[in-house]
Number of protein chains: 4
Amino acid sequence: MEVGFLGLGIMGKAMSMNLLKNGFKVTVWNRTLSKCDEVVAHGASVGETPAEVVKKCNITIAILSDPAAALSVVFDKDGVLDQICSGKGYIDIHFLEAPVSGSKQPAETGQLVILAAGDKALYEEAVPAFDVLGKKSFFLGPVGNGAKMKLVVNMIMGSVMNAFSEGLTLAKRSGLNPHSLLDVLDLGGIANPMFRGKGPEMVKDNYSPAFPLKHQQKDMRLALALGDQNAVSMPVAAAANEAFKKARSMGLGDLDFLAVYETVKLLKHSS
Amino acid sequence: MEVGFLGLGIMGKAMSMNLLKNGFKVTVWNRTLSKCDEVVAHGASVGETPAEVVKKCNITIAILSDPAAALSVVFDKDGVLDQICSGKGYIDIHFLEAPVSGSKQPAETGQLVILAAGDKALYEEAVPAFDVLGKKSFFLGPVGNGAKMKLVVNMIMGSVMNAFSEGLTLAKRSGLNPHSLLDVLDLGGIANPMFRGKGPEMVKDNYSPAFPLKHQQKDMRLALALGDQNAVSMPVAAAANEAFKKARSMGLGDLDFLAVYETVKLLKHSS
Amino acid sequence: MEVGFLGLGIMGKAMSMNLLKNGFKVTVWNRTLSKCDEVVAHGASVGETPAEVVKKCNITIAILSDPAAALSVVFDKDGVLDQICSGKGYIDIHFLEAPVSGSKQPAETGQLVILAAGDKALYEEAVPAFDVLGKKSFFLGPVGNGAKMKLVVNMIMGSVMNAFSEGLTLAKRSGLNPHSLLDVLDLGGIANPMFRGKGPEMVKDNYSPAFPLKHQQKDMRLALALGDQNAVSMPVAAAANEAFKKARSMGLGDLDFLAVYETVKLLKHSS
Amino acid sequence: MEVGFLGLGIMGKAMSMNLLKNGFKVTVWNRTLSKCDEVVAHGASVGETPAEVVKKCNITIAILSDPAAALSVVFDKDGVLDQICSGKGYIDIHFLEAPVSGSKQPAETGQLVILAAGDKALYEEAVPAFDVLGKKSFFLGPVGNGAKMKLVVNMIMGSVMNAFSEGLTLAKRSGLNPHSLLDVLDLGGIANPMFRGKGPEMVKDNYSPAFPLKHQQKDMRLALALGDQNAVSMPVAAAANEAFKKARSMGLGDLDFLAVYETVKLLKHSS
C-alpha cells in the first residue's frame, strides 16, 4: 500500500518515518518542501503538490496545523480535489477524521492512540496503516466525534496537570521532599504515566516542548466551548484554562504544557 | 509482637483483622465496645481502656476519627498517658504519626501506603507491622509531615476526580459514548487505577461509600489552609473544593467522594 | 431628521418609541412585520425592506439580534447595500457601531449609555438622536471598540452579580437577615444601583427577565474569548461564567441574569 | 461620657481623634505606649494598663489587631477583667462586638458603618459614641453576627475588586482606554464609590495601603470557612481568594488590597 502524507510537522514526520521503517511506500508533501529532506533520505518520495500525492497513493493522510491549512490543501489549485476520485482514500476532517492522542515520542514508536470518526469503510481500509502508527485505534461514529474525544481527553489531562503542579508546589513550600510526593503518588490510586514521566522534569524546572503549552490551552478553550454549546458547567477546567492563559501571558506558550507549573510557584512582583 | 489498636472504625477494623490473619497478637479498644465483637471473634483481645491496651502491648496504634478523639484517648482518665513508659511504642500524631493512603479495600488486603513521620526509632520498631499493613511505608521527617503528605495527595486526587467528572459529563452531553472515553483514557498518559476502578461506577451513578465525600472535602479544605499558611495560590484545588462543598449542600456528603460527579450533571431547578 | 430602525426587538421597539415621543420621524422594518404594529400605532412608518428604509431616511439604525442577521440585512436582496449612498448614514457594526449599555427600562426612558465606535463623522451626525436615546454617548475609536467596551462592562457586571449572590446566600445560611446585608452594602464602598434595585427581588426569588441570563452568559463567554486572544487570565470571570452555564443547565437561561443566584442556593439532589 | 480606647493602630487612632474633636473625654492604652503620643497631644489621657482604662471610663472600646490580642487584654494581669463591673461597658467580641466597615479615611471623618451585635442594652448606651464614629450603626442580634456581617461584606468587596481588576486589564490589553472604561462604569448599574475612588489609582499602579491586602485575604479566607461550615459553595469568592493569595506570594501583602490587580497584569517569567 502506498501512503501519502500532507504536512510534515513534528507529528507528520514521526508518523511517516514510522511507516517507512515498517515497509510502506510513502510520498510526502509539505508547503515548505525542504522539510521533506529528512524523510526523503530515509526513502520517501516527494509530491510537488497535494494533487500529485493523491494521484500516486491509495490513501493520503493530511496532518496539518490548523483548519485553514486543511481547507487550503483540499480546495486550492493543485489541491486534493483535483485528483480525488473513487478508489482514493483521503483521511482528514471532512472525510475520515483521525486525531491522535500522544505526542512526539509515541508518534515515533507507533504508540499513538488514533481516534477515528466519519466514513466507516475508509476507516476499515486504513486499519493496516493505523495498526503501525498506533497501539490502538477507535472508530467513534460520525465526523466530529474524533475531535470531540480528543478535546475531552486533553481537557482532563490539562486539569490533572494543574492539580499536579499545585500539589508539587504545596509539598515543596510546606517542607516536604517533592521526590517523596512522586513516590507516594506512584503507589496510589491516581498513579499514572504522566506523573511518573513529567514529575521529575518539573522538579528540575525542565520544560522542553513535547506538547506546547499554547496548544494545550487551545484544546482547553475548545473543550470549554464545547461545554458551552451543551450547557455543561466545568469550573475546574475553567480554572485550569485560566492558569494556562496566565502561563501564556508570562511568555511560556512555546514550552511544554507542564510549564503551567510556573504559574503556581512563587512569583516576583516586577513592576 | 503484641499490637494494640485504639479505634475500630472502617480502617481500624480492617487493619487489625489483617494483622490477626498474619499471626500477630492484637488487643483492641473502642469507645463503643460492641464494635470490637467482630475482631474478637477472629481472635483479638479487648482492652477496657486505652491505658489497659498500652499496658499490654509493645506498640499501640491509634486510628481515630478526629484530633479531639486522638487527644482524649491520650489525656483523659485511663488514657494512654497512664501507662506509656520507656519501652512502649505509641503511634499517633504526637509520637509517631502514620496516616495511611488508601481506603477500605487496601486496608483489608494490606495494600495501604503508610506515611510515617516523627520518632525515627519508633518507626524502625514498627516496620514489621507496617510491612503487613501496607505495601510500602515512608518515613517523611518531623511530626506533621505525614499529615501534610496525605493532604497533598488527597488534594491532587480530589482535583483529578473533578476533572474526570467534568470530562465524563462533557463526553456524554456532546454525544460520545462514556465507555469509549474510559477506554481511550486507559491507553493514554493519565491512565490510572482510580479512573479504571471508579469510572464504570460513575457511569452507573453508583456512589457506595469507600471514602465519604465529606472527608474528601475536609482534606481539601485543610490542604487549602496549608497553602494559605505558605502563600501558595491553588485555583484549581479551590474550584474543586467548591464543587465538593456544592455536593455537601446537595446532601451527598455521606456518599463516596466520586458523587461530586452529580454537581456537574444536568440539574433541575427546584424552587 | 428622519430615522430608520431595522429590528424591533425589546430594545429597538423601546428606542423607536422614544424617538417618536421626542418628535422624530421614524420608519421601521422587522423581519416579522407584525412586530411593527405597536410603533406604527404611535406614528411610525413601515418599510417593506431594509433597502426601502435606507432610501427614505437620513440615518438608519440597525439593532439586530446577532451578526448573521446584521450581515443579512446589509447584503441580502433588497438589503441596505441597494440604497446606501453618499449622504446616507448607516449605524451598525461595519459603519458606526453603537452598542448600548442598559436594558429595557433605560431604553424606554432615554437613559441608555451609547458606546459608539467607527466613523467619527457619522457619530457626530447621529449625536442629536443619541442625545434622546441615551443619557450619554461615547466615541471610542475604531470599529470594534464599542462591542469590546460593552463586553468588558458586562463581564464585570456578571462577576459582581455572582459575588452578590454568594454573599446573599452566605448571609442567609449563617443566620443574618439578608435585608440587613442590603442596608449595610448600600452604605459602603461598593454601594451601587444594581444591588439596590435587584437585591430585594433576589431575596424574593423574583427573576422576571430584564436582561436574560443566556445573553449575559454569551457576553461573558465572548469577553473570556477576547481575553484569550490577548493572553489575559481572568479566573474570577471564568468562575462566574461557569456559574452562569450551570444556571443554563438548570433551565434558567430565559430568566433574568440574577437567577444565577439559584446556583448558589441549597440544591436538592434529584437523581 | 468618658470613653476608653484599647489599641491605637490606624483605626483606633483615627476613631479616638474623632471623639476628641467632638468633645468626648478619651483615655487610651496601647501595648507600645509611644503610639499614644499623638492623641495625647490632642487631649487624650493615657492608661498604664487595660485595667486602668476600664476603671476610669464608662465605656471602653477595644480595637485590636487579632483575637489573641483581644483575649490577652481581657484576661492577662492588669487586664480588663480586673476592673470590669456592673456599670462599666466593654465593647468587644465577648460583650458587645462592633466591627466597622470602612478604612482609615472614614474613621477620621466619622463615616464608618458600625456592625454591632451582642448585648442590646450596652449597644443602646454606646449609641451616642457610635453616632460620632459612624454615619450609621446596626444592631444585628447575637454576638458573632457583627463579625459575620463584616466578613460577608468584605468577601463581596474582594470579589468585586477582582472583577474590576480583570475588566481593567482586559480593557487595556484589547486596546481600550481604561479611563473610558471608568467613565462608562460610572454611568451604569454597578457604578460605586470604590470603582470611582480606586479606579484612577489602579490605572496609575498606586497601591498605598488603606486596607492591606493580607487583611482582605484573611477576611476572604474566614468568609469561605464560614461558607464551609454552612455548606455554601462559593466558586467566585474562592477564585478571588486564590488571586489574593497569589498577590501575597508575590510579596504584595502589605500594599492596599487593590494590588490584586498586579496578579492579572502581564507577568514576566522569572526563573
Side-chain angles (χ1 to χ4, degrees), chain A residues 101-102 113 115 135-136 138 140-142 144-145 148-149 151-153 155-160 162-164 166-167 169-171 173-177 180-181 183-185 187-195 197 223 226-227 229-240 242-243 264 266, chain B residues 101-102 113 115 135-136 138 140-142 144-145 148-149 151-153 155-160 162-164 166-167 169-171 173-177 180-181 183-185 187-195 197 223 226-227 229-240 242-243 264 266:
Chain A
S101 173
V113 176
L115 306 171
K135 61 183 168 188
K136 174 97 175 165
F138 290 86
L140 297 168
N145 279 6
K148 282 181 196 169
M149 182 62 83
L151 289 181
V152 172
V153 168
M155 180 189 83
I156 297 174
M157 187 175 71
S159 293
V160 170
N162 269 275
F164 187 44
E166 293 181 358
T169 306
L170 180 58
R173 292 259 277 279
S174 55
L176 299 171
N177 183 331
S180 297
L181 174 61
D183 290 343
V184 172
L185 284 171
L187 287 160
I190 53 171
N192 66 73
M194 183 172 83
F195 288 4
L226 184 63
Q229 284 165 35
N230 294 285
V232 184
S233 171
M234 303 187 290
V236 167
E242 296 309 312
V264 192
L266 196 64
Chain B
S101 174
V113 176
L115 306 172
K135 59 182 168 186
K136 173 97 177 166
F138 290 88
L140 297 169
N145 280 6
K148 281 181 197 170
M149 182 63 83
L151 288 181
V152 173
V153 169
M155 180 188 83
I156 298 174
M157 187 174 72
S159 293
V160 169
N162 270 274
F164 187 45
E166 294 181 358
T169 307
L170 180 58
R173 292 258 277 278
S174 54
L176 298 171
N177 183 330
S180 296
L181 174 61
D183 290 343
V184 172
L185 284 171
L187 288 160
I190 52 171
N192 65 73
M194 183 173 81
F195 288 3
L226 184 62
Q229 284 165 35
N230 294 284
V232 185
S233 171
M234 303 188 290
V236 166
E242 296 309 313
V264 192
L266 196 65

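Note on naming: letters A, B, ... go to the chains in the order of the sequence lines (proteins, then strands), and numbering restarts at 1 for each one.
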Looking at B:A237, is its backbone amide N or carbonyl O close enough to the side chain of A:E166 to form a donor-acceptor pair, meaning the two atoms are under 3.5 Å apart? yes

For B:A243, is it the side chain, the backbone, both, or neither that has a heavy atom closer than 4.5 Å to a heavy atom of chain A? neither

Examine whether an atom of B:V184 lies under 4.5 Å from a heavy atom of chain A, and if so say whether it belongs to the side chain, the backbone or both; otherwise answer neither. both

Picking from B:L185, B:L115, B:L181, B:L140, which has the most non-hydrogen pairs under 4.5 angstrom with chain A? B:L181

Let me know if A:S233 has heavy atoms under 4.5 Å from chain B in its side chain, its backbone, both or neither. backbone

Is any side-chain heavy atom of B:E242 closer than 4.5 Å to one of A:P235? no

When heavy-atom pairs shorter than 4.5 Å are enumerated against chain A, which of B:M149, B:M194, B:M157 gives the highest number? B:M149

Tell me the closest heavy-atom pair linking A:L226 and A:K148, and the distance in Å. CD2-CG, 3.9 Å

Given heavy-atom pairs under 4.5 angstrom as the criterion, report whether the side chain, backbone, both or neither of A:L151 touches chain B. neither

Can you tell which part of A:I190 gets under 4.5 Å to a heavy atom of chain B, answering side chain, backbone, both or neither? both

Go through B:L176, B:V160, B:N162 and name the one with the most non-hydrogen pairs under 4.5 angstrom from chain A. B:L176

Is a side-chain N or O of B:R173 found less than 3.5 angstrom from the main chain of A:G227, in a donor-acceptor match? no

Please tell me if the side chains of A:M155 and B:L170 come closer than 4.5 Å, counting only heavy atoms from C-beta onward. yes

Bottom line for A:A240: the part with an atom under 4.5 Å from chain B's heavy atoms is both

Look at B:S159, B:A239, B:S174 and state which one has the largest set of heavy-atom pairs under 4.5 Å with chain A. B:S174

